[in-house]
Amino acid sequence: MLFRPTAAALVTVLALASTVVHGLHFYLRDGEQQCFLEELPKNVLVTGHYRTEEWREAEKKYVENPGITVSMTADDNNAAHRVMNQKGAHQGKFSFSAGNPGEHTICVQAHGAQASGWLASSVVKFTLDIGVGEPDDGGREAVEKIKSIKEKIEVLNRQLEEIRVEQKYQRERELEFDRVTAGIKKRVGVWALVQLAIVGAVSYWQLGHLRKFFEAKKLV
């Protein structure tokens with residue numbers, strides 16, 4: 001015979017448990033909703049993990065069924081305000097912030113379990129771990145983390161800008177070097193042509209002088 005704890009029994013278990021409840025489980029029929037109460041202080045962050053397993057008669061054991069979907073809600077009883085309304089897979093996690101102190105009703109419901117026969121619905125084993133964390137700081141911690149990440153990004157952007165400036169300076173130096181090198185090569189080429197012209201002119205003059213000398217001496 002399957003044990004199906006009542007809401008009062010679950011409240012007793014939760015009250016006797018530590019801040020984080022480990023291994024709390026109960027049994028549901030497909031589409032059945034189970035609710036329990038949790039006394040919470042103000043501005044506290046509640047987180048939890050859940051897992052469902054479906055009873056398979058042929059295998060005589062509980063097995064995971066990815067086709068199961070889970071609906072979870074949390075209501076602030078004093079303020080008559082719903083603080084969480086979540087739908088998820090056959091296993092997952094949830095979180096909500098208790099804005100006001102007092103009793104909160106947490107309800108779970110499983111859908112999609114495979115029926116074993118006509119007018120029958122499968123039994124789903126629901127394992128739930130609930131953790132009551134530190135008081136919710138209104139997201140200041142997340143803001144601080146985002147601020148820290150933003151500062152690191154700004155530092156990286158400044159470093160990248162410095163690298164871009166350095167690369168631009170190096171490119172300008174390379175262009176200047178190429179310009180100077182091209183100018184030097186051009187001047188060297190011109191000077192080589194001038195030297196060749198001078199050598200050619202001197203050689204032509206020497207040949208003409210030698211010819212006149214030989215003609216004067218009647219050697220030719």
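Excluded from the calculations below are hydrogen atoms, water molecules and symmetry mates; all remaining heavy atoms, backbone and side chain alike, are included.
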To the nearest 0.5 Å, atom OG1 of T52 lies from atom CD of Q91 at 7.5 Å
Side chain to side chain donor-acceptor pair (under 3.5 Å) between N77 and T105, intermediate numbers included | CA-CA 7 Å; N77 295 345; T105 301; 2.9 Å; yes
Below 4.5 Å, heavy atoms only, C-beta onward: do I106 and F96 meet side chain to side chain?
yes
Exactly one candidate in I130, D129, L128, V108 meets side-chain contact (heavy atoms from CB on, under 4.5 Å) with Y50; the answer is L128
Residues Q109 and G31: closest non-hydrogen pair is NE2-O, 2.6 Å
What I want to check is whether the side chains of E166 and Q170 have a donor and an acceptor closer together than 3.5 Å. yes
Query raised in the report: How far apart are the C-alpha atoms of R158 and E161, what are their side-chain angles, what is the distance that settles it, and do they pass the salt bridge (Lys or Arg N to Asp or Glu O under 4.0 Å) test?
Result: CA-CA 5 Å; R158 286 197 296 268; E161 184 63 27; over 6 Å; no
Scanning both residues in full, the closest heavy-atom pair of P101 with K42 reads CD-CB, 3.6 Å
When rounded to the nearest 0.5 Å, the distance separating CG of D76 from NE2 of H81 is 7.5 Å
Would E176 and R179 count as a salt bridge (Lys or Arg N to Asp or Glu O under 4.0 Å) here? Give the steps.
CA-CA 5 Å; E176 180 65 18; R179 187 183 64 80; 2.4 Å; yes
Would you indicate whether R51, at its atom CZ, is surrounded by more than 12 heavy atoms from other residues, nucleotides or ligands within a distance under 6.0 Å?
no
dist K147:NZ -> K152:NZ (nearest 0.5 Å) comes out at 14.0 Å
Between the NZ atom in K61 and the NZ atom in K125, the distance rounded to the nearest 0.5 Å is 12.5 Å
message: For T73 and N85, which I'm curious about, is there any donor-acceptor pair between the side chains at under 3.5 Å?
response: no
Quiz item: So, do M84 and M72 sit near enough that their side-chain heavy atoms are less than 4.5 Å apart?
Solution: yes
Heavy atoms of F94 and H49 approach each other most closely as CE2-N, 4.1 Å
Checking E54, E53, H90 against N65 for side-chain hydrogen bond (donor to acceptor under 3.5 Å, both in side chains), the one that qualifies is E54
Next on the checklist: When you compare the side chain of V123 with that of Y62, does any pair of heavy atoms fall below 4.5 Å?
Outcome noted: yes
Heavy-atom closest pair (P41 atom, A98 atom, distance to 0.1 Å) is O-CB, 3.8 Å
OG of S71 to CD of Q86, rounded to nearest 0.5 Å, is 9.5 Å
Quick note, disulfide (SG to SG under 2.5 Å) partners involving residues 61-109, not counting sequence neighbours, are C35-C107
Note: D30 and A110 closest approach over all heavy atoms is OD1-O, 3.5 Å
Q) Side chains of N100 and N78: donor-acceptor distance under 3.5 Å anywhere? A) no
- Message: Classify the ring geometry of Y27 against H25: parallel below 30°, tilted from 30° to 60°, perpendicular beyond 60°.
- Response: perpendicular
Do Y169 and R173 come within less than 4.5 Å of each other through their side chains, counting heavy atoms only? yes
**Request:** Go through the steps to decide whether L40 and V46 satisfy the test side chain to side chain contact (heavy atoms under 4.5 Å, CB included), and finish with yes or no.
**Result:** CA-CA 9 Å; L40 298 174; V46 179; 3.7 Å; yes
The reported gap from CD in Q33 to NE2 in H111 (rounded to nearest 0.5 angstrom) is 8.5 Å
Between I68 and V124, the two heavy atoms sitting closest are CD1-CG2, 4.2 Å
Identify each donor-acceptor pair in which a side-chain atom of residues 185-206 lies under 3.5 Å from a protein atom, sequence neighbours left out, and give them as a table.
{"from": "S203", "atom 1": "OG", "to": "V199", "atom 2": "O", "distance (Å)": "2.8"}

